[in-house]
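Written out below as structure tokens is the structure these notes cover.
Note that ligands are numbered from 1 as they come in the structure, with each ligand's atoms numbered from 1 the same way. Just so you know, these numbers come straight off a predicted model, no measurement behind them.
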Amino acid sequence: MLDSILKELSKTNTTLVAVSKTKPLTAILDMYGQGQRVFGENRVQELVQKYEELPKDIEWHMIGHLQKNKVKYIAPFVSLIHSVESIALLKEIEKQARKQERVIDCLLQFKIAEEDSKFGMQLGDISSFLQSSEFFQFQHVKIVGVMGMATFTHDMVQVREEFRRLKSIYEDLKANVFLENVSFKEISMGMSGDYKIAIEEGSTMVRIGSLLFGSR
Ligand SMILES: *Cc1c(COP(=O)(O)O)cnc(C)c1O
């Protein structure tokens, strides 16, 4: 499975984040043995535990809802946080990354789905913050792109529409805030059920769990 997905992704240079949440260490090691190095988890405790027990050249991505008071546990090692869904959280990541003397790569999560349950920020709010003098002082977070989750539905027309919304948010930020910033280049969208559409709509990073590891 891994091979055929990677082959597909290589055509468009899309990064695979293997979503290993709830899966045992053995399953991750098996994938690791096949060459996969980027893994995503959605719970802090599980992420920390797996980080501690698995090879240190794994790149760990935090993809799930992140509470401010838990940032400190992942700040020492996390390589990308996909789920920055508030300015307050971004400030906390800056603070904890500074303590660790690190720069943490972050994606801004936007709400593109209709459902209320999906987290994310509003473009207007974050856009003005990113142009504020406060943000200008930040030296320990690097915003490398955006992330979004489509509605969980079989209506692929709607899913495509939502991915387009994220792409246009990305384009807006690129044009108005990150114009000369080459690091701002990632669009994290697409999961097991909709990653093909996401790639067609410009995804640079897909987060795939069940298709790789089996259902949870
Ligand atoms: C679980 C999860 C995924 C992967 O979902 P699958 O449908 O198993 O591929 C992707 N993104 C986030 C944020 C998740 O929580």
Side-chain angles (χ1 to χ4, degrees), residues 1-9 12 14-25 27-28 30-31 34 36-51 58-67 70-71 74 78-86 89-90 93 104-121 144-156 158-160 162-163 165-167 169-170 186-216:
M1 198 67 227
L2 177 65
D3 268 355
S4 68
I5 293 175
L6 285 176
K7 205 166 162 193
E8 215 175 331
L9 300 183
T12 46
T14 311
T15 303
L16 172 65
V17 180
V19 176
S20 50
K21 62 187 187 197
T22 77
K23 298 296 173 186
L25 301 179
I28 301 174
D30 178 59
M31 206 68 68
Q34 296 176 63
Q36 180 66 19
R37 290 294 179 272
V38 182
F39 291 89
E41 289 283 336
N42 71 338
R43 286 164 178 271
V44 167
Q45 199 186 344
E46 192 175 340
L47 176 54
V48 170
Q49 216 166 351
K50 285 174 173 172
Y51 162 73
I58 289 181
E59 250 185 59
W60 289 105
H61 290 196
M62 176 61 190
I63 62 169
H65 178 57
L66 177 57
Q67 285 173 282
K70 294 194 174 163
V71 173
I74 61 170
V78 71
S79 51
L80 177 61
I81 299 176
H82 289 235
S83 43
V84 180
E85 58 208 359
S86 72
L89 179 59
L90 189 63
I93 297 169
I104 297 181
D105 287 357
C106 293
L107 301 177
L108 302 171
Q109 181 172 359
F110 289 94
K111 183 178 170 338
I112 53 171
E114 272 175 1
E115 305 149 61
D116 287 338
S117 59
K118 303 268 154 77
F119 296 95
M121 40 182 134
V144 300
V146 299
M147 182 272 220
M149 282 171 90
T151 304
F152 192 67
T153 172
H154 290 296
D155 182 354
M156 288 302 147
Q158 182 180 347
V159 167
R160 187 180 294 278
E162 293 174 355
F163 286 151
R165 202 171 298 157
L166 186 62
K167 174 81 193 257
I169 289 170
Y170 169 82
E186 305 291 355
I187 303 178
S188 166
M189 60 184 186
M191 305 174 24
S192 292
D194 56 19
Y195 77 95
K196 290 182 193 208
I197 297 176
I199 291 168
E200 286 168 13
E201 297 305 332
S203 172
T204 65
M205 201 172 258
V206 292
R207 311 175 308 268
I208 299 183
S210 46
L211 195 61
L212 276 173
F213 290 99
S215 61
R216 288 180 295 272

Pairs under 3.5 Å, nitrogen or oxygen of ligand 1 with protein nitrogen or oxygen:
unit_1   : atom_1 : unit_2 : atom_2 : d
ligand 1 : 8 (O)  : Ser210 : N      : 2.8
ligand 1 : 8 (O)  : Ser210 : OG     : 2.9
ligand 1 : 8 (O)  : Arg216 : NH1    : 2.8
ligand 1 : 8 (O)  : Arg216 : NH2    : 3.1
ligand 1 : 9 (O)  : Ser192 : N      : 2.9
ligand 1 : 9 (O)  : Ser192 : OG     : 2.5
ligand 1 : 9 (O)  : Gly209 : N      : 2.8
ligand 1 : 11 (N) : Arg207 : NE     : 2.9
ligand 1 : 15 (O) : Lys21  : NZ     : 2.7

Problem - Rounded distance [0.5 Å steps], OG1 in Thr14 versus CD in Glu186 - result: 9.5 Å
Handout entry: Worked verdict on Glu46 versus Lys21 for salt bridge (Lys or Arg N to Asp or Glu O under 4.0 Å)
Key = CA-CA 8 Å; Glu46 192 175 340; Lys21 62 187 187 197; over 6 Å; no
Practice task
Let me know which of Lys50, Lys23, Gln49 forms a side chain to side chain contact (heavy atoms under 4.5 Å, CB included) with Glu41.
Solution key: Lys50
Exercise for the section: For the pair Lys196 and Glu200, find out whether any cationic side-chain nitrogen is under 4.0 Å from an anionic carboxylate oxygen. Expected result: no
Practice task
Applying side chain to side chain contact (heavy atoms under 4.5 Å, CB included) between Ile74 and each of Leu47, Ile93, Ile104, report the one that passes.
Solution key: Leu47
Handout entry: Any donor-acceptor N/O pair, Ser86 side chain to Leu89 backbone, under 3.5 Å
Key = yes
